[in-house]
Amino acid sequence: MANIILLGPPGAGKGTQARRLVEERGMVQLSTGDMLREAKDSGTEMGNLVADVMAKGQLVTDEIVIGLIEEKLAAGGEGFIFDGFPRTLGQADALGKLLAKMGTKLDAVIEMQVDDEALVARITGRSTCGGCGEVYHDQTKPWPADGKCEKCGSTDVKRRADDNEDSLRTRLMEYYKKTSPLIGYYYHAGDLFTIDGLAEIETVATSIARILDQQE
Ligand code: AP5
């Protein structure tokens, strides 16, 4: 199974598409954002350390996120979807080395292109299910009228502390300054595919499926 990176700014739809790939293809989603939120919610020392940085929309240190990914990769598996990682050139180098050590490699880096205006609407309208993490949106995928998550039946609707216009501004700046150079990095490596992330969720999924089918 292919190993891929979903690359794009906050709200590009990385998590939405990663969850589909887990369901439809049995791939393994590795979201550093989810890992960090889990650490924060369970009040670990590391979680407390990163809470404020995340709420402001800044990046957590390379050392912490590389450590999290290393731990997950050590647990084994195949068909990894890197969602929100790497976000700096240092993280990209580290990922290449970790995969090489495992005798595997990246097959595709999928850049999801969107424009900033659409991101504000996506981020400020987002909610997630506290039970299973299913992603909803007030306009495009509203929480079911019976109040229960369509995937797991939970009634726990969560909104993220960093899903506001102030944090989004910082998150976008961090993306353009530190993460967007990865587009050139992976283009040069011959791994980059670019898709239209502004299209409907189904259409985006079809574009990703087409790229994955080429890798098999
Ligand atoms: P993280 O959790 O990774 O957040 P992010 O990258 O900002 O991305 P998002 O989760 O906000 O967006 P998404 O692209 O997954 O969009 P989604 O599918 O939800 O990181 C959070 C923080 O953790 C960072 O700011 C940083 O502090 C820290 N961090 C994490 N990783 C790090 C790392 N590697 N290094 C350092 N720090 C790190 O979709 C958004 C909304 O749009 C949803 O409501 C959805 O329903 C809707 N939507 C999705 N697709 C479509 C579509 N095609 N059309 C219409 N609506 C859509």
Side-chain angles (χ1 to χ4, degrees), residues 5-22 29-41 46-47 49-70 72 81-92 94-95 110-129 133-143 150 157-164 166-180 182 195-208:
I5 293 175
L6 295 181
L7 183 66
K14 305 179 294 290
T16 300
Q17 297 298 331
R19 289 180 60 80
R20 286 183 68 123
L21 293 170
V22 171
Q29 178 186 11
L30 296 183
S31 157
T32 39
D34 286 349
M35 293 173 209
L36 291 165
R37 275 185 291 279
E38 225 175 86
K40 195 168 59 102
D41 292 346
M46 186 267 279
L49 204 71
V50 299
D52 190 42
V53 174
M54 289 177 77
K56 286 188 188 141
Q58 295 161 347
L59 291 191
V60 169
T61 64
D62 282 359
E63 195 191 354
I64 289 180
V65 289
I66 292 167
L68 288 171
I69 287 289
E70 191 169 11
K72 294 285 177 184
I81 310 159
F82 297 97
D83 162 8
F85 180 93
R87 265 172 146 102
T88 63
L89 291 168
Q91 292 177 25
L95 177 62
I110 304 177
E111 182 205 355
M112 305 172 71
Q113 272 187 345
V114 277
D115 63 46
D116 292 1
E117 258 171 63
L119 296 178
V120 178
R122 283 194 189 180
I123 289 290
T124 51
R126 171 169 54 190
S127 59
T128 47
C129 169
E134 186 65 8
V135 186
Y136 292 92
H137 188 277
D138 296 343
Q139 273 82 45
T140 55
K141 192 184 167 191
W143 190 264
E150 64 183 28
V157 188
K158 282 201 148 68
R159 301 241 177 214
R160 277 171 43 178
D162 58 347
D163 276 354
N164 57 69
D166 263 2
S167 292
L168 179 61
R169 224 169 290 127
T170 309
R171 285 157 72 192
L172 277 175
M173 195 49 79
E174 292 281 77
Y175 177 79
Y176 291 120
K177 276 203 309 216
K178 298 175 184 165
T179 309
S180 67
L182 297 186
I195 62 169
D196 177 12
L198 279 176
E200 289 192 359
I201 291 176
E202 289 302 322
T203 312
V204 177
T206 306
S207 308
I208 294 175

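All ligand and atom numbering here is 1-based and tracks the order in the structure. Residues take their numbers from the sequence shown, with the count starting at 1.
Smallest separation of non-hydrogen atoms from N164 and S167: OD1-N, 2.9 Å. Across every non-hydrogen atom of G15 and D83, the tightest pair is CA-OD2, 3.5 Å. Minimum heavy-atom separation, Y136 to P142: CD2-O, 3.7 Å. The shortest non-hydrogen separation linking P10 to Y175 is CD-CB, 4.3 Å.
Using a 4.0 Å cut-off to heavy atoms of G15, the atoms of ligand 1 that qualify are 13 (P), 15 (O), 18 (O). Atoms of ligand 1 lying under 4.0 Å from at least one heavy atom of I123, given by number and element, are 11 (O). Residue Y136 approaches ligand 1 through these ligand atoms, each under 4.0 Å from one of its heavy atoms: 43 (C), 44 (O), 46 (O). Listed by number with element, the atoms of ligand 1 under 4.0 angstrom from any heavy atom of V135 are 19 (O), 43 (C), 44 (O), 45 (C), 46 (O). The atoms of ligand 1 that sit less than 4.0 Å from any heavy atom of H137 are 44 (O), 46 (O).
With a 6.0 Å radius and a threshold of 12 heavy atoms from other residues, nucleotides or ligands, E38 has its CD atom at or below the threshold. The number of heavy-atom neighbours closer than 6.0 Å to NZ of K40, taken from other residues, nucleotides and ligands shown, is above 12.
Checking only distances, L36 never comes within under 3.5 Å of ligand 1, N or O to N or O. Checking only distances, F85 never comes within under 3.5 Å of ligand 1, N or O to N or O. Taking any N or O of P86, backbone or side chain, none lies under 3.5 Å from an N or O belonging to ligand 1. Between R126 and ligand 1, a contact under 3.5 Å exists for at least one N or O pair. The shortest N or O to N or O distance between V204 and ligand 1 is not below 3.5 Å. Ligand 1 has no N or O atom lying under 3.5 Å from any N or O atom of K141, backbone or side chain.
Looking at atom 26 (C) of ligand 1, its nearest protein heavy atom turns out to be Q58 O, 3.4 Å. Among all protein heavy atoms, the one lying closest to atom 31 (N) of ligand 1 is T32 OG1, 2.8 Å. Of the protein's non-hydrogen atoms, T16 OG1, 3.5 Å is the one closest to atom 49 (C) of ligand 1. Looking only at protein heavy atoms, the nearest one to atom 37 (N) of ligand 1 is V60 N, 3.1 Å. Closest protein heavy atom to atom 8 (O) of ligand 1: K14 NZ, 3.2 Å. Of all protein heavy atoms, the one lying nearest to atom 20 (O) of ligand 1 is R87 NH2, 3.5 Å. Among protein heavy atoms, atom 35 (N) of ligand 1 sits closest to Q91 NE2, 3.0 Å. Nearest protein neighbour of atom 16 (O) of ligand 1, counting heavy atoms only, is G13 N, 3.2 Å.
Heavy atoms of G125 come nearer than 4.0 angstrom to ligand 1 in no pair at all. By the 4.0 Å heavy-atom criterion, G8 is excluded from the residues contacting ligand 1. For the pair R160 and ligand 1, a heavy-atom separation below 4.0 Å is found. Remark: distances from the non-hydrogen atoms of Q17 to ligand 1 are all 4.0 Å or more. By the 4.0 Å heavy-atom criterion, A199 is counted among the residues contacting ligand 1.
Compare R122, K40, E200, R171 by their heavy atoms: the one nearest to atom 52 (C) of ligand 1 is in R122.
Using a 4.0 Å cut-off between charged nitrogen and carboxylate oxygen, K158 and D163 do not count as a salt-bridge pair. At a threshold of 4.0 Å, the pair K56-D52 counts as salt-bridged, since one of the basic side-chain nitrogens sits closer than that to a carboxylate oxygen.
If you look at L59 next to ligand 1, the close heavy atoms, those under 4.0 Å, come from the backbone and the side chain alike. Only the side chain of V65 comes within 4.0 Å of ligand 1, counting heavy atoms alone; its backbone N, CA, C and O stay farther away. Under 4.0 Å from ligand 1, not a single heavy atom of L198 appears.
Side chain of T170 to backbone of Q58: no donor-acceptor contact under 3.5 angstrom is found.
For the pairing with E134, the salt bridge (charged side-chain N to carboxylate O under 4.0 Å, His left out) check across R20, R19, R126 returns one residue only, R19.
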